[in-house]
Amino acid sequence: DSNGYEKDDRRTIWPYRDWVIDAFNRNMPFDRFTIEQIAGDMLDDPTREQLIATGFNRNTMLNEEGGVDKDEQRWLTLVDRVGTTATVWLGATMQCAQCHDHKYDPFTMEEFYRFLAFFENSEEPVFNIQDKVTQERVRRLGERIAELEKVLPQLKQDSDAYKSAANALTQIRAEANSLNTLTTLILSEKDAYPPTTPIRIKGTFTNPGRTVAGGAPAALPAIKGKKDRLGLAKWLASRDNPLTARVFVNRLWQQYFGTGLVKTSGDFGTMGERPSHPELLDWLAVEFMESSWDVKHMHRLIVTSATMMI
């Protein structure tokens with residue numbers, strides 16, 4: 001709810017938080033939950049809720065101090081998005097490859113920037129979150145404002161009719177302005193394709209090198225179809241991806257038992273812990289996907305298990 005850093009100004013992000021709560025309450029399939037957060041704006045004719053879902057990407061810190069380089073600040077937000085997305089869905093410490101090849105896991109520095117390229121092509125607008133009822137109310141208020149603005153010049157300024165119309169206009173404008181302030185932060189996509197970004201030599205913003213296009217790390221299955229942010233989202237939620245389902249069910253296990261089957265729930269890499277029960281982790285991941293990514297099914301499965309009863 002605030003930007004961080006020295007000014008720490010307020011931001012309106014509660015609509016995204018409400019979206020997350022509602023998604024879990026409605027048992028939204030986890031693959032759809034993933035796609036709408038990463039690239040809901042790129043779906044065909046996206047709904048208001050799908051646009052709000054992309055607020056996930058806007059939860060980065062934002063430095064608004066005097067003298068800040070806006071281009072560098074944007075780059076820092078992109079770096080944050082790569083690290084957060086990789087940790088949340090892949091259980092990977094991909095941010096360690098920002099300045100050099102990963103010291104332990106099979107991620108090269110080039111692959112870090114290929115991942116970052118998916119977000120380079122995005123813009124960061126402020127979105128008016130009015131629902132249909134509010135939109136209709138604003139439209140009617142606009143019509144009434146136009147009528148009063150047309151009538152006022154025809155009235156004598158010292159007349160009761162003029163005073164009444166002027167007072168009504170002031171009140172209606174105030175209501176319309178208050179309704180128009182309901183906004184939140186989302187992502188939108190530029191028309192350019194494919195998404196590209198320069199490799200920053202030694203991870204330094206001021207030292208750009210050759211340009212690379214978006215793509216998945218070579219150690220993981222390739223992205224099928226269009227390689228843009230929507231393609232990335234679908235790849236994360238694909239059955240071909242060996243990590244997403246395992247990472248999520250491990251976190252569910254951690255919630256109930258305090259420790260995941262993989263203790264390092266945010267690091268499934270070489271420096272992370274090995275799973276205590278790898279066959280169980282695999283089985284849970286497959287069950288999750290076979291259930292059409294049904295989150296509540298997995299909750300019920302765990303809480304009614306013999307393990308929970310011990």
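Side chains are part of it too, since the values below use all heavy atoms of this structure and drop only hydrogens, waters and symmetry mates.
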Can you check whether I129 reaches R48 side chain to side chain, under 4.5 Å on heavy atoms? yes
Joint hydrophobic cluster, W283 plus V295, side-chain heavy atoms closer than 4.5 Å: yes
Once ring-ring contact (aromatic ring centres under 6.0 Å, His included) is applied, do any residues pair with Y162, and if so which ones, sequence neighbours excluded? none
Hphob cluster co-occupancy, L43 + F33, side-chain heavy atoms under 4.5 angstrom: no
Are any side-chain N or O atoms of N59 and backbone N or O atoms of G55, one a donor and one an acceptor, separated by less than 3.5 Å? yes
Side-chain heavy atoms of T87 within contact of T93, under 4.5 Å: no
I want to check something: taking the side chain as every heavy atom from C-beta on, are L185 and T12 in contact at a cut-off of under 4.5 Å? no
Residues that N121 engages under side-chain contact (heavy atoms from CB on, under 4.5 Å), provided they are two or more places apart: E189, K190, A192, P195
E110: which residues meet the side chain to side chain donor-acceptor pair (under 3.5 Å) condition with it, sequence neighbours left out? R210
Side chains of L236 and T85 in contact at under 4.5 Å (non-hydrogen atoms): yes
Is there a path from W293 to V286 through hydrophobic residues (I, L, V, M, F, W, Y) whose side chains come within less than 4.5 Å of each other? no
Of all heavy-atom pairs between A216 and P221, which one has the smallest distance, and what is that distance? CB-O, 3.9 Å
Distance from L62 atom CG to S2 atom OG, nearest 0.5 Å? 10.5 Å
Would you call the rings of F288 and F248 parallel, tilted or perpendicular, taking 30° and 60° as the class edges? parallel
Enumerate the residue pairs fulfilling salt bridge (charged side-chain N to carboxylate O under 4.0 Å, His left out) with a member in residues 234-260, sequence neighbours excluded, ordered by first and then second residue. K224-D240, R239-E290, R246-D282
Would you check if the side chain of Q154 reaches a backbone N or O of K150 as a donor-acceptor pair within less than 3.5 Å? yes
Is there a path of hydrophobic side-chain contacts, each under 4.5 Å between heavy atoms of I, L, V, M, F, W or Y residues, that connects V262 with L280? yes
Side-chain (T77) to main-chain (R74) donor-acceptor, under 3.5 angstrom: yes
Note: E124-R11 ion pair, threshold 4.0 Å (strictly below): no
Within this structure, what is the CG-CG distance for the pair L155 and D158, rounded to the nearest 0.5 Å? 10.5 Å
Considering all heavy atoms, the nearest G214-F118 contact: C-CZ, 3.5 Å
Would you check if the distance from the ring center of F112 to the ring center of F115 is below 6.0 Å? no
As a quick check of understanding, evaluate side chain to side chain contact (heavy atoms under 4.5 Å, CB included) for T211 and T197, giving each step before the final call. CA-CA 5 Å; T211 298; T197 196; over 6 Å; no
Ignoring hydrogens, what is the shortest heavy-atom contact between G215 and I223? Give both atom names and the distance. C-CD1, 4.4 Å
Does anything in residues 15-24 form a side-chain hydrogen bond (donor to acceptor under 3.5 Å, both in side chains)? List the pairs, not counting sequence neighbours. D1-R17, Y16-Q37, D22-R26
Okay, side chain of D101, backbone of M109: is any donor-acceptor separation there less than 3.5 Å? yes
Would you say that F257 contacts M308 through its side chain, given a criterion of any heavy-atom pair below 4.5 Å between the two side chains? yes
Polar side-chain atom of T244 near backbone of A237 as donor-acceptor pair, under 3.5 Å: no
Rounded at 0.5 Å granularity, tell me how far CD1 in I310 sits from OG in S305. 8.0 Å
Under the rule for salt bridge (Lys or Arg N to Asp or Glu O under 4.0 Å), what residues qualify as partners of E123, not counting sequence neighbours? none
With ring pair (Phe, Tyr, Trp, His ring centres under 6.0 Å) as the rule and sequence neighbours excluded, what pairs involving residues 182-221 come up? W75-F205
Could you identify which residues cluster with Y104, counting Ile, Leu, Val, Met, Phe, Trp and Tyr as linked when any side-chain heavy atoms lie under 4.5 Å apart, either directly or through a chain of such contacts? M271
When you compare the side chains of E111 and H102, does any donor N or O come within less than 3.5 Å of an acceptor on the partner? no
When you measure from the side chain of N241 to the backbone of S238, do you find a donor-acceptor pair of N or O atoms at a distance under 3.5 Å? no
Counting distance only, does the side-chain N/O of R229 pair as donor-acceptor with the main-chain N or O of I38 below 3.5 Å? yes
For R58 and P125, indicate whether the former's side chain and the latter's backbone hold a donor-acceptor pair under 3.5 Å. yes
Between E136 and R139, does a salt bridge (charged side-chain N to carboxylate O under 4.0 Å, His left out) hold up when you go through it step by step? CA-CA 5 Å; E136 177 63 18; R139 186 188 67 79; 2.5 Å; yes
Are L243 and I35 connected in a single hydrophobic cluster, I mean Ile/Leu/Val/Met/Phe/Trp/Tyr linked by side-chain heavy atoms less than 4.5 Å apart? no
For L169 versus L152, what's the shortest heavy-atom pair and its separation? CD2-CD1, 3.5 Å
Provide the closest heavy-atom pair for I172 versus L141 in the form atom of the first, atom of the second, distance. CG2-CD2, 3.6 Å
Can you name the side chain to side chain donor-acceptor pair (under 3.5 Å) partners of R300, sequence neighbours left out? none
Reference residue P15; test side-chain contact (heavy atoms from CB on, under 4.5 Å); the match among L51, T184, T183: T184
So the side-chain hydrogen bond (donor to acceptor under 3.5 Å, both in side chains) pairs with at least one residue in residues 261-270 (sequence neighbours excluded) are D105-T270, Q254-S265
Using the six-membered ring wherever Trp is involved, compare the ring planes of F30 and W89 and label them parallel, tilted or perpendicular (cut-offs 30° and 60°). tilted
Determine whether E273 and T259 make a side-chain contact, defined as any pair of heavy atoms from C-beta on separated by less than 4.5 Å. no
Kindly state each residue pair satisfying salt bridge (charged side-chain N to carboxylate O under 4.0 Å, His left out) with at least one member in residues 160-174, sequence neighbours excluded. E149-R173
Between T54 (side chain) and Q50 (backbone), is there a donor-acceptor pair under 3.5 Å? no
Heavy atoms, side chains only, cut-off 4.5 Å: are F119 and D80 in contact? no
Specify the closest pair of heavy atoms between L261 and N250, including all atoms of both residues, with the distance to one decimal. N-OD1, 2.8 Å
Nearest-0.5 Å distance that lies between atom CZ in F56 and atom CD in E36: 14.0 Å
Output for pair (F107 CZ, L90 CG), nearest 0.5 Å, gives 7.0 Å
Any sub-3.5 Å donor-acceptor pair from S291's side-chain atoms to D294's backbone N or O? yes
Gap between atom CG of L187 and atom CG of D41 - 0.5 Å precision: 6.0 Å
Listing request: all salt bridge (charged side-chain N to carboxylate O under 4.0 Å, His left out) pairs with a residue in residues 211-220, at least two apart in sequence or in separate chains. none
K70 side chain reached by Q73 side chain, heavy atoms, under 4.5 Å: no
